[in-house]
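Comments concern the structure below.
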2 protein chains.
Amino acid sequence: MARRSEHTTEELKEIAIRAGFEMMDEKGYQGFSARGVAAKMGYTVGTIYHLFGDLDTFILNVNARTLDEWYEDEVSRAPKKAEQLVRYYAHSYLAYARAHYNRWSALFEHRMQDDAPVPKWYAPKMMRMFDLIEGAVMPHVGDDPKAAARLAKLMWASVHGISTLSLQGKLDQTGAGAAERMIDDLIALAVGGKKVFVGFDKR
Amino acid sequence: MARRSEHTTEELKEIAIRAGFEMMDEKGYQGFSARGVAAKMGYTVGTIYHLFGDLDTFILNVNARTLDEWYEDEVSRAPKKAEQLVRYYAHSYLAYARAHYNRWSALFEHRMQDDAPVPKWYAPKMMRMFDLIEGAVMPHVGDDPKAAARLAKLMWASVHGISTLSLQGKLDQTGAGAAERMIDDLIALAVGGKKVFVGFDKR
DNA sequence: ACCTGAACACCGTTCAAGT
DNA sequence: ACCTGAACACCGTTCAAGT
């Protein structure tokens, strides 16, 4: 047996990605498997390899789906008032990580085998997140693009660290909202005064 | 066959942990396996289970070894001048993560299966790192212990995020020393002025 | 009591062979 | 061209049986 041809290759890829996306949510990165996804779609493992070449590429496609939905979410719910943007993005990052822990952490748990480079089409999906934050941060650094890029990455990385350690229970924090308060502290430090970061780049 | 009795149980545990520690360095968390460690020690897989009960406990023991050596390292190399401590610990964190990436990242890649709680003896090995940073941060918050604990966790998490994303190549940074500069920026924000954080807790 | 060997239920990966 | 089924080399986990 073989050759069902019930779907085009493109349709089948979409079905696989959706099934993979669901399995990531249900089982997490460590419980994710090509065989499991294949079973979920009613096909054989070989089909996954036929469609994507290798497991890395498949996982990248699943993670790309996460990044697309996440980005969409961030953009569509962003407030219009510029002065609220930094606070919004920072808290929104933590909220997303909390609400969709498995699919979010898969983004960072996945490693290319043999340290192969990430394909060119994938990297921008991660990087374009910076553009949002850069824009949000811009008014706080006197509209200096270089300072904005630099502060945006610092804040992104810091919020990421807070989210990671907090959700992994590695911060010894007591009570709900502790991580949220840390983010508030970070915002206060980074963007608390008005235009504290003019000259950020010249120190 | 069985019962070699060449070593006591304690000795065998030590041998297993050392072999596991080495394998973590060589293969990384994702390439780590009980079977591989057993082969490395010249025993069967069953022995690992006999010694530690389950794989989680074994990995925890290996990671504990990392935390012990790391802590030792931090303490022994810390500068004596109090005003250099924050800068030292922040950069030292990144330097350790960079130099021992596999064993360091294993600390954060490991998850208990079925979301079992981390055993009581393990948690403090992670948490005592905070004590160092709390002490370092203390003079910057007017010797307020609560503010120190809060700022220490914020800095720890932020430096962790910078290290994670930077070493994973997810920060789109060009040139060497970019992560180091981010840490300098963080320090400038958090601890740059003198005693900026008096009243940190009362906002 | 300590350790082995084998078994079981899973993986990722490859590929000849069917339609 | 598409997809299967089977094979291979790995896993984690358990446990009866040897010393």
Side-chain angles (χ1 to χ4, degrees), chain A residues 1-20 23-24 26-63 102 106 109-116, chain B residues 1-20 23-24 26-63 102 106 109-116:
Chain A
M1 52 194 71
R3 179 159 221 183
R4 302 201 210 155
S5 298
E6 294 164 355
H7 301 96
T8 65
T9 300
E10 272 333 289
E11 284 172 341
L12 224 44
K13 278 191 179 181
E14 181 59 25
I15 291 170
I17 291 171
R18 285 237 69 90
M23 194 182 185
M24 203 64 97
E26 291 163 12
K27 308 273 186 178
Y29 180 75
Q30 318 230 358
F32 183 91
S33 77
R35 291 184 119 105
V37 174
K40 209 178 181 68
M41 19 176 335
Y43 280 75
T44 334
V45 218
T47 302
I48 302 284
Y49 284 82
H50 176 247
L51 290 170
F52 296 97
D54 55 49
L55 191 62
D56 266 349
T57 306
F58 180 49
I59 293 177
L60 247 21
N61 272 274
V62 173
N63 281 348
N102 281 345
E109 287 190 77
H110 175 61
R111 302 230 194 304
M112 291 284 153
Q113 64 180 15
D114 305 321
D115 286 310
Chain B
M1 52 194 72
R3 178 160 221 180
R4 301 203 212 155
S5 297
E6 294 164 357
H7 301 96
T8 67
T9 299
E10 270 335 287
E11 284 173 342
L12 224 44
K13 278 190 180 182
E14 181 61 25
I15 292 170
I17 292 171
R18 285 237 70 90
M23 194 182 185
M24 203 64 96
E26 291 162 12
K27 309 272 186 177
Y29 180 75
Q30 318 231 359
F32 183 90
S33 78
R35 289 184 120 102
V37 174
K40 209 178 182 63
M41 349 163 19
Y43 280 75
T44 333
V45 217
T47 302
I48 302 284
Y49 285 82
H50 177 247
L51 290 170
F52 297 96
D54 55 49
L55 191 61
D56 266 350
T57 305
F58 180 49
I59 294 177
L60 247 21
N61 273 274
V62 172
N63 281 349
N102 281 347
E109 287 189 77
H110 175 61
R111 302 231 193 305
M112 291 285 152
Q113 64 179 15
D114 305 320
D115 286 310

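Below, read A as the first sequence line, B as the second, and so on, with proteins coming before strands; counting in each chain starts at 1. It should be emphasised that the depicted structure is a prediction, and the values quoted were computed from it without experimental measurement.
Nearest to the side chain of Arg35(A), among dC2(D), dT4(D), dT13(C), sits dT13(C). Taking only side-chain atoms of Tyr43(A), from C-beta outward, the nucleotide of dT13(C), dA7(C), dT4(D) with the closest atom is dT4(D). Closest to the Val45(A) side chain, of the nucleotides dG12(C), dT13(D), dT13(C), is dT13(C).
The nearest whole Å value for the distance from the CD atom in Gln30(A) to the P atom in dG12(D) is 12 Å. Straight-line distance from the CE atom of Met41(A) to the P atom of dC2(D): 14 Å, rounded to whole Å. Rounded to an integer number of Å, the gap from CD1 of Ile48(B) to P of dC11(D) is 13 Å. If you take CD of Glu6(B) and P of dA1(C), they are 20 Å apart, rounded to a whole angstrom. One can place CD1 of Ile59(A) at 8 Å from P of dG12(C), the figure rounded to the nearest angstrom. Atom-to-atom, CZ of Phe32(B) to P of dC11(C) comes out at 21 Å; the value is rounded to the nearest Å. The interatomic distance linking Phe58(A) (CZ) with dT13(C) (P) rounds to 12 Å, in whole Å. For the pair His50(A) NE2 and dA1(D) P, the computed distance is 9 Å after rounding to whole Å.
Pairing for dC8(D) is with dG12(C), a Watson-Crick or G-U wobble pair whose two hydrogen-bonding atom distances lie under 3.5 Å. As the counterpart of dC3(C), no nucleotide is assigned, since no Watson-Crick or G-U wobble pattern has both distances under 3.5 Å. Of all nucleotides present, none satisfies the Watson-Crick or G-U wobble test against dA17(C) with each distance under 3.5 Å.
Proximity of Thr9(A) to the phosphate of dC2(D): a side-chain N or O atom is located under 4.0 Å from OP1 or OP2. Note on Thr47(A): a side-chain N or O is less than 4.0 Å away from OP1 or OP2 of dT4(D). A sub-4.0 Å separation between OP1 or OP2 of dC11(D) and a side-chain N or O of Ser33(B) is present. Of the side-chain N and O atoms in Gln113(B), one or more sit less than 4.0 angstrom from OP1 or OP2 of dT13(D).
Without hydrogens or angle criteria, Ser33(B) side chain to Gly36(B) main chain gives a donor-acceptor distance under 3.5 Å. Remark: the backbone N or O of Gln113(A) is paired with a side-chain donor or acceptor of Asp56(A) at under 3.5 angstrom.
Between Gly46(A) and Gly36(A), the one whose closest nucleotide on DNA chain C sits nearer the 5' end is Gly36(A). Nearest-nucleotide positions on DNA chain D for Tyr49(B) and Leu51(A) put Leu51(A) closer to the 5' end.
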Gln30(A)/Glu109(A) under side-chain hydrogen bond (donor to acceptor under 3.5 Å, both in side chains): CA gap, chis, key distance, verdict: CA-CA 9 Å; Gln30(A) 318 230 358; Glu109(A) 287 190 77; 3.0 Å; yes
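Between Met24(B) and Ile59(B), the shortest heavy-atom distance links the atoms CE-CG2, 4.4 Å. The two atoms that bring Phe52(A) and Ile17(A) nearest to each other are CZ-CG1, 3.9 Å, heavy atoms only.
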